[in-house]
Amino acid sequence: FSAAWVVLSLMIPVLTGNAIDQIIGIGNVNFPELGRILLSIIACVMLLVLFQWLSGFINHKIAYKTAASLRNDCFAKINKADISYIDSVPHGDVINRVVNDIDLISEGILQGLNQCFTGIITIIGTLIFMFMTDIGISLLVVLLTPLSVFVTSFIAKGSHKHFREQTLTQGELTGYVSEKLNNQKLIKAYSHEGAAQDKFEKINSKLYGHGLKAQIYSAFVNPSMRFVNSLVYAAVGIAGAISAINGLLTVGQISMFLSYANQYAKPFNEVSGIM
């Protein structure tokens, strides 16, 4: 279903370009052909929405059933684990794995499985459609692609480090809170509230620091990728305009190329977000 809606989304710019080429000038519009093309676009959009919904529905079922299955397995493992293991590992860390880490896995499946798959098809599909129309402009888009990959990998490395630290500190904080809740009577009996509060604030402050840095790094992804995408879009626009002046491309084909320039760049944005 994902492959079907990607192919349909790649067909729409071709149909739109053909529709534009039917509008030749003032009083010179091929209305019968234009009508047929518009009906084809409407049919494509309706099927695209249907396939996209079906794809999303199945993907959500896969993600959440995987999470439910993992939680069952984890709890079964805890019940079978040796007492020595239970005593040696902070309880909050175990809770963090069963609750938060599995949530992250299901979120990763939800985003990664669908977006990576559709992203690969989109990149391959747009390249095929572009190369079939004009090799020169297509090569220009391909040559600018490493810029997107470089920006994505640079930001992903920084954000991954801080997201990892954030997850580890989250486990530490959950473990500390669990430990203190289980031993409240002992803490009060020995007037240990102040020291417990100080340590909690220290761990909480560390979590705040890593969380903030992770979000700042990841927040750079969207504007950075948009800037790179705009460069690709502008390059395609200029190259397309020169080709049209020389009679190598029609106005409709330029429109198609500009749509593909956006569609080609979109998977890089999505993959960088997932990473």
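Here, residue 1 is the first one in the sequence, and each next residue gets the next number.
Annotation: Y217, atom OH; neighbour count of heavy atoms from other residues, nucleotides and ligands within 6.0 Å does not exceed 12. Within 6.0 Å of the NZ atom in K213, the count of heavy atoms belonging to other residues, nucleotides or ligands does not exceed 12. At most 12 heavy atoms of other shown residues, nucleotides or ligands fall within 6.0 angstrom of atom OH in Y85.
Taken together through direct or relayed side-chain contacts under 4.5 Å among Ile, Leu, Val, Met, Phe, Trp and Tyr, V45 and V7 form parts of separate hydrophobic clusters. Grouping the Ile, Leu, Val, Met, Phe, Trp and Tyr side chains by contacts below 4.5 angstrom, directly or via other members, places L47 with I37. I12 is connected to I254 through a chain of hydrophobic side-chain contacts under 4.5 Å among Ile, Leu, Val, Met, Phe, Trp and Tyr, so both are in one cluster. Hydrophobic clustering keeps L15 apart from L39 (ILVMFWY residues linked when any side-chain heavy atoms are closer than 4.5 Å, directly or through intermediates). V94 and I203 end up in different hydrophobic clusters when Ile, Leu, Val, Met, Phe, Trp and Tyr side chains are linked at under 4.5 Å.
Considering only heavy atoms from C-beta on, F57 stays 4.5 Å or farther from Q52 through its side chain. Side-chain contact between Q170 and N100 is present, with heavy atoms from C-beta onward closer than 4.5 Å. Residues W5 and L54 are not in side-chain contact: their nearest non-hydrogen atoms beyond the backbone lie 4.5 Å or more apart. Here the side chains of S106 and T66 are not in contact, with every heavy-atom distance at 4.5 Å or above. Within the 4.5 Å cutoff, the side chain of W53 has no heavy atoms near those of the I58 side chain. When side chains are defined from C-beta on, I137 counts as touching L249, because their heavy atoms get closer than 4.5 Å. Residues I24 and V29 fail the side-chain proximity criterion, which asks for heavy atoms closer than 4.5 Å. When side chains are defined from C-beta on, F51 counts as touching L8, because their heavy atoms get closer than 4.5 Å.
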Let's go through L231 and L144 carefully: what are the C-alpha distance in whole Å and the side-chain angles of both, what is the deciding distance for side-chain contact (heavy atoms from CB on, under 4.5 Å) to 0.1 Å, and is it a yes or a no? CA-CA 9 Å; L231 288 177; L144 288 169; 5.7 Å; no

Given side-chain contact (heavy atoms from CB on, under 4.5 Å), test V14 with Y260 step by step and report yes or no. CA-CA 9 Å; V14 176; Y260 281 150; 3.2 Å; yes

Stepwise side-chain contact (heavy atoms from CB on, under 4.5 Å) check, F117 with V6: CA-CA 10 Å; F117 178 71; V6 169; over 6 Å; no

Assess the residue pair M130 and L127 against the criterion (side-chain contact (heavy atoms from CB on, under 4.5 Å)); give the C-alpha distance rounded to whole Å, side-chain angles, the decisive distance to 0.1 Å, and a yes or no. CA-CA 5 Å; M130 284 193 293; L127 285 173; 4.1 Å; yes

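Inspection of the T118 and S2 side chains reveals no N or O donor paired with an N or O acceptor under 3.5 Å. Under the 3.5 Å distance criterion, with hydrogens and angles disregarded, a donor-acceptor pair is assigned to the side chains of E201 and Q197.
Here the CD1-CZ distance, from I78 to R97, works out to 10.5 Å after rounding to the nearest 0.5 Å. The distance from atom CG of L38 to atom CD of E33, rounded to the nearest 0.5 Å, is 10.0 Å. The distance from atom CD1 of I187 to atom OH of Y190, rounded to the nearest 0.5 Å, is 12.5 Å. Atoms OG and CG, from S55 and L48 in turn, are 10.5 Å apart once rounded to the nearest 0.5 Å.
Summarising the geometry of H162 relative to H210, their closest heavy-atom pair is CB-O, 3.9 Å, with the distance given to 0.1 Å. Annotation for Q166 and A214: closest pair OE1-CB, 3.9 Å, computed over non-hydrogen atoms. Here the closest non-hydrogen pair linking L140 and A239 is CD2-CB, 3.9 Å. When all heavy atoms of A261 and V232 are compared, the pair lying nearest together is CB-CG1, 4.4 Å. The minimum heavy-atom distance between Y176 and A195, with the atom names listed, is OH-O, 4.2 Å.
In this structure, R71 does not pair ionically with D101, as no charged nitrogen and carboxylate oxygen lie closer than 4.0 Å. Taking the charged nitrogens against the carboxylate oxygens, E172 and K206 do have a contact shorter than 4.0 Å, which makes a salt bridge.
Judged purely by atom type and a 3.5 angstrom limit, S138 uses its side chain to pair as donor or acceptor with the backbone of D134. Between the Q263 side chain and the S9 main chain, a donor and an acceptor come within less than 3.5 Å of each other. In this structure, the side chain of S69 does not engage the main chain of K65 through any donor-acceptor pair within 3.5 Å. Using modelled atom types, one side-chain atom of N183 and one backbone atom of E179 make a donor-acceptor pair closer than 3.5 Å. A distance-only check finds no donor-acceptor pair linking the side chain of S255 to the backbone of V251 [under 3.5 Å]. Side-chain atoms of T167 come within 3.5 Å of backbone atoms of F163 as a donor-acceptor pair (strictly under, hydrogens ignored). A donor-acceptor pair under 3.5 Å links the side-chain atoms of N59 to the main chain of L110, judged by distance alone. In this structure, the side chain of Y233 does not engage the main chain of S259 through any donor-acceptor pair within 3.5 Å. Side chain of E165 to backbone of K161: no donor-acceptor contact under 3.5 angstrom is found. In this structure a side-chain-to-backbone donor-acceptor pair under 3.5 Å is present from S88 to S84.
Partner of D21 under the side chain to side chain donor-acceptor pair (under 3.5 Å) criterion, out of T250, N30, T16: T250 alone. Each of T122, I123, I124 was checked for a side-chain contact (heavy atoms from CB on, under 4.5 Å) with I120, and the lone residue meeting it is I124.
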